[in-house]
Amino acid sequence: MQSICISHVAEHVGEEVELQGWVYNKRSSGSLVFLIVRDGTGFIQGVVAKGEVPDEDFQACDELTQESSLVLRGIIKADKRAPSGYELSVTGVEPLHIAEEYPISLKKHGVDFLMDWRHLWLRTPRQAAILRIRHEIIGAIRTFLDQREFVLVDAPILTPSACEGTTTLFSTDYFDSTAYLSQSGQLYMEAAAMALGKVYCFGPTFRAEKSKTRRHLTEFWMVEPEMAWVDLEGNLKLQEELVSYVVQRVLEQRRDELVTLERDTGKLENIKPPFPRISYDEAVEILNKNGVEFEWGNDFGGGDETVLAEQFGLPVFVHRYPTDIKAFYMKPDPDRPEVCLSADLLAPEGYGEIVGGGQRIDDPELLDLRIREHDLPKEAYVWYTDLRKFGSVPHSGFGLGIERAVAWICGLDHIRETIPFPRLLNRIYP
RNA sequence: UCCCUGGUAGCUCAAUGGCAGAGCAAUCGGCUGUUAACCGAUGGGUUGUAGGUUCGAAUCCUACCCAGGGAGCCA
């Protein structure tokens with residue numbers, strides 16, 4: 001007898017097959033038992049009728065609890081009464097392990113409770129759908145960049161000092177000195193771009209900020225492309241093409257999962273280049289016009305980003321931020337040095353900044369000056385400033401936050417559901 | 001770090017100063033088409049912790065702990 005996955009039952013109608021899975025729910029009606037079984041690829045209802053299976057198999061159904069593991073044999077039948085359109089007419093039930101009383105019921109639970117049981121929460125249809133979409137998004141990003149001949153270059157996670165010197169880092173003992181968990185691979189990607197042209201890193205990023213919001217994690221994943229010989233506009237073009245490709249691929253490949261999440265896919269269908277571009281100056285005007293008190297020179301808060309993104313049905317680039325509020329390596333606009341060639345991409349529907357990037361300083365003297373102005377330890381950046389001494393070229397890059405992108409595409413109200421085991425302020429379990 | 005909200009049965013919640021409750025889950029029984037099945041029965045409590053006010057506190061007051069949301073900062 002062939003052992004198959006539930007995702008493939010449609011190809012085996014009329015055949016007797018074997019399924020391996022877990023009990024999702026059980027309903028009993030005297031001499032009929034309905035077993036809803038999941039195997040990670042899907043769900044199917046098995047109908048166990050007394051007299052049509054060996055007596056011991058029928059009695060075994062009594063013992064089955066939610067999430068017990070079992071092998072189920074039966075004949076696949078098309079049935080309009082089944083939610084998926086298919087049912088299993090059970091011929092054999094073989095429990096493998098009877099699960100203890102399962103903490104997660106099919107009813108409503110609070111977030112704190114579910115987070116404590118995150119290792120089991122992942123089994124629910126909604127969480128599984130999110131993880132599949134996350135997988136699709138990551139796969140799409142890598143396919144897109146690979147097709148454009150980017151080279152994946154891994155950045156170190158243990159680093160000797162802050163990449164940007166501003167945010168709080170996690171520190172760890174490194175033999176007789178201190179190392180920090182990376183908050184960005186970008187500086188290393190600049191070195192790699194000078195070696196290979198177009199590169200990207202994809203890895204975890206750590207921020208010890210004490211942020212307690214629906215948009216923050218202390219450990220998150222970021223893809224950071226970096227390109228030699230590319231200016232700000234070339235950078236934005238790549239970003240809008242990448243984001244559009246990812247969204248369209250999820251729509252094509254993960255439609256069922258989006259339905260499970262009750263995502264309004266209409267809003268995603270429109271995500272195609274070009275994305276609107278507004279300058280920081282224009283953004284300030286828009287805010288003021290919408291009754292938001294905002295002074296030129298400040299950075300946008302979460303509410304400000306939502307107001308800006310609401311003006312367009314698409315992700316929107318905000319470019320040329322004040323040089324003072326951006327990282328030390330951002331290249332000033334040659335026509336207006338008080339602003340820099342940076343740009344953030346704000347997602348629609350209030351999801352905020354999903355990409356931050358810009359053109360980097362290529363002038364060695366200016367870079368040295370900025371390192372001094374930002375009070376950064378010069379010795380730690382010698383290798384970085386070397387990049388401007390040995391064939392400096394214009395170059396640009398960006399960082400795309402995976403979890404924020406997943407939250408937006410899935411339409412989730414909190415980022416913590418986008419990553420299998422979220423690390424949050426006050427939570428490092430499980 | 002600051003501001004706001006909350007903490008009652010395994011879970012989700014009710015009880016606003018006067019007997020600690022319901023639904024689900026669990027256990028037992030019933031049912032041949034259930035769709036978060038249904039019906040009947042049973043067990044289940046140091047009301048986050050410590051103190052205070054009161055004849056009487058889940059309820060009011062103080063401190064602390066924990067959680068959630070937000071600010072700052074960021075992706």
Side-chain angles (χ1 to χ4, degrees), chain A residues 24-36 43-52 58 62 65-67 77 79-84 87 89 99-117 120-121 124-125 163-169 182-186 203-224 239 298-306 321 325-327 344-347 351-357 398-408 413-416 418-419 424-427:
Chain A
Y24 177 70
N25 197 9
K26 182 176 84 171
R27 288 181 283 265
S28 157
S29 180
S31 46
L32 270 185
V33 177
F34 301 94
L35 292 175
I36 294 114
F43 293 77
I44 193 165
Q45 175 166 271
V47 183
V48 191
K50 193 171 190 169
E52 291 180 27
F58 188 81
D62 257 5
T65 53
Q66 192 185 357
E67 289 302 315
K77 290 186 174 164
D79 192 314
K80 282 184 190 140
R81 290 170 292 189
S84 70
E87 259 187 11
S89 233
E100 294 177 22
E101 189 180 335
Y102 197 63
I104 301 177
S105 75
L106 303 177
K107 304 265 175 161
K108 198 173 179 258
H109 291 289
V111 171
D112 189 39
F113 173 82
L114 289 168
M115 287 301 307
D116 282 342
W117 296 96
L120 301 180
W121 188 22
T124 62
C163 283
E164 302 177 12
T166 51
T167 48
T168 318
L169 302 181
S182 174
Q183 59 162 300
S184 165
Q186 181 207 310
T205 296
F206 306 89
R207 304 273 166 96
E209 292 290 339
K210 297 197 170 177
S211 302
K212 276 179 81 170
T213 81
R214 67 184 69 219
R215 303 182 306 280
H216 289 88
L217 296 165
T218 55
E219 178 183 311
F220 63 97
W221 288 68
M222 196 155 60
V223 59
E224 294 178 277
Q239 290 176 38
N298 291 328
D299 208 347
F300 303 122
D304 303 327
E305 288 179 351
T306 302
Y321 279 77
I325 59 169
K326 283 291 175 184
D344 289 351
L345 181 65
L346 307 182
Y351 284 93
E353 183 184 349
I354 55 170
V355 178
F398 62 93
L400 184 155
I402 298 299
E403 286 76 15
R404 285 192 182 174
V406 174
W408 164 50
D413 62 10
H414 201 296
I415 199 168
R416 70 188 145 213
T418 63
I419 186 167
L424 298 151
L425 179 67
N426 298 333
R427 181 176 286 281

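We name chains A, B, ... by the order of the sequence lines, and we start the count at 1 in each one.
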Quick one: look up who [N] pairs with, Watson-Crick or G-U, both distances under 3.5 Å, and put none if it's unpaired.
N      : result
B:rC60 : B:rG52
B:rU12 : B:rA22
B:rG43 : none
B:rU32 : none
B:rU1  : B:rA71

Inset, instruction - Between A:Asp413 and A:Asp344, name the one whose nearest nucleotide on RNA chain B is closer to the 5' end. - result: A:Asp413
Inset, instruction - Using heavy atoms to find the nearest nucleotide of RNA chain B for A:Leu424 and A:Gly301 separately, return the residue whose nucleotide is more 5′. - result: A:Leu424
Legend entry - Lys/Arg N to Asp/Glu carboxylate O, A:Lys26 vs A:Asp62, below 4.0 Å: no
I'd like to know if [X] reaches the base of [N] with its side chain, counting only an N/O donor and acceptor under 3.5 Å.
X        : N      : result
A:Ser105 : B:rC24 : no
A:His109 : B:rC11 : no
A:Arg427 : B:rC66 : no

Backbone N/O of [Y] and side chain of [X]: donor-acceptor pair under 3.5 Å:
X        : Y        : answer
A:Gln66  : A:Ile104 : yes
A:Arg404 : A:Tyr351 : no
A:Glu403 : A:Arg416 : no
A:Ser211 : A:Thr213 : no

Among [options], which nucleotide sits nearest the side chain of [X]?
X        : options                : value
A:Lys212 : B:rC73, B:rG70, B:rU12 : B:rG70
A:Leu217 : B:rA75, B:rA36, B:rG33 : B:rA75
A:Ser29  : B:rG33, B:rC24, B:rC74 : B:rG33
A:Thr213 : B:rG70, B:rA75, B:rG33 : B:rG70
A:Lys108 : B:rG33, B:rA75, B:rU12 : B:rU12
A:Arg207 : B:rU34, B:rC74, B:rG70 : B:rC74
A:Asp112 : B:rA67, B:rU12, B:rG33 : B:rA67
A:His414 : B:rG69, B:rC31, B:rG72 : B:rG69
A:Ser211 : B:rC73, B:rU34, B:rA36 : B:rC73

When the [atom1] atoms of [N] and [M] are considered, how many whole Å apart are they?
N      : M      : atom1 : result
B:rG23 : B:rU8  : C1'   : 15 Å
B:rG10 : B:rU49 : P     : 13 Å
B:rC4  : B:rC13 : C1'   : 22 Å
B:rC3  : B:rG72 : C1'   : 12 Å
B:rG48 : B:rU32 : C1'   : 49 Å
B:rG51 : B:rC28 : C1'   : 45 Å
B:rC73 : B:rA67 : C1'   : 22 Å
B:rU47 : B:rC24 : P     : 25 Å

Examine [N]: is either OP1 or OP2 under 4.0 Å from a nitrogen or oxygen in the side chain of [X]? Give yes or no.
X        : N      : answer
A:Lys210 : B:rU1  : yes
A:Arg416 : B:rG69 : yes
A:Arg215 : B:rA71 : yes
A:Ser31  : B:rU32 : yes
A:Asn426 : B:rA67 : yes

Under 4.0 Å, counting only non-hydrogen atoms across every strand here, what does [X] touch: a base, just sugar-phosphate, or nothing?
X        : value
A:Phe113 : sugar-phosphate
A:Gly352 : nothing
A:Asp299 : sugar-phosphate
A:Ile104 : nothing
A:Ser28  : base
A:Val33  : nothing
A:Gln66  : nothing

Legend entry - Donor-acceptor side-chain pairing of A:Asp344 and A:Tyr321 below 3.5 angstrom: yes
Please report, rounded to the nearest Å, how far the [atom2] atom of [N] is from the [atom1] atom of [X].
X        : N      : atom1 : atom2 : result
A:Leu32  : B:rU32 : CG    : C1'   : 4 Å
A:Phe34  : B:rC31 : CZ    : P     : 15 Å
A:Lys107 : B:rA36 : NZ    : P     : 10 Å
A:Asp79  : B:rU34 : CG    : C1'   : 12 Å
A:Ile415 : B:rG68 : CD1   : P     : 15 Å
A:Leu425 : B:rC74 : CG    : C1'   : 14 Å
A:Leu114 : B:rU12 : CG    : C1'   : 11 Å
A:Asp116 : B:rG10 : CG    : C1'   : 13 Å

Legend entry - Heavy-atom side-chain contact between A:Tyr102 and A:Thr65 under 4.5 Å: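 With C-beta onward as the side chain, the pair stays apart.
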Legend entry - Distance in Å, A:Lys212 NZ paired with A:Arg427 CZ, rounded so as to fall on 0.5 Å steps: 11.5 Å
Inset, instruction - Describe, in one word, how the ring planes of A:Phe113 and A:His109 are oriented to each other, choosing from parallel (under 30°), tilted (30 to 60°) and perpendicular (over 60°). - result: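 Geometry flag for A:His109 against A:Phe113: parallel rings.
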Legend entry - Exercise: identify the closest heavy-atom pair between A:Lys50 and A:Phe58: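 Distance-wise, the nearest heavy atoms are N-CE1, 3.5 Å.
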Inset, instruction - Give a yes/no verdict on base stacking between B:rA75 and A:Phe220: centres under 5.5 Å, planes within less than 30° of parallel. - result: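 Given the distance and angle limits, yes, they stack.
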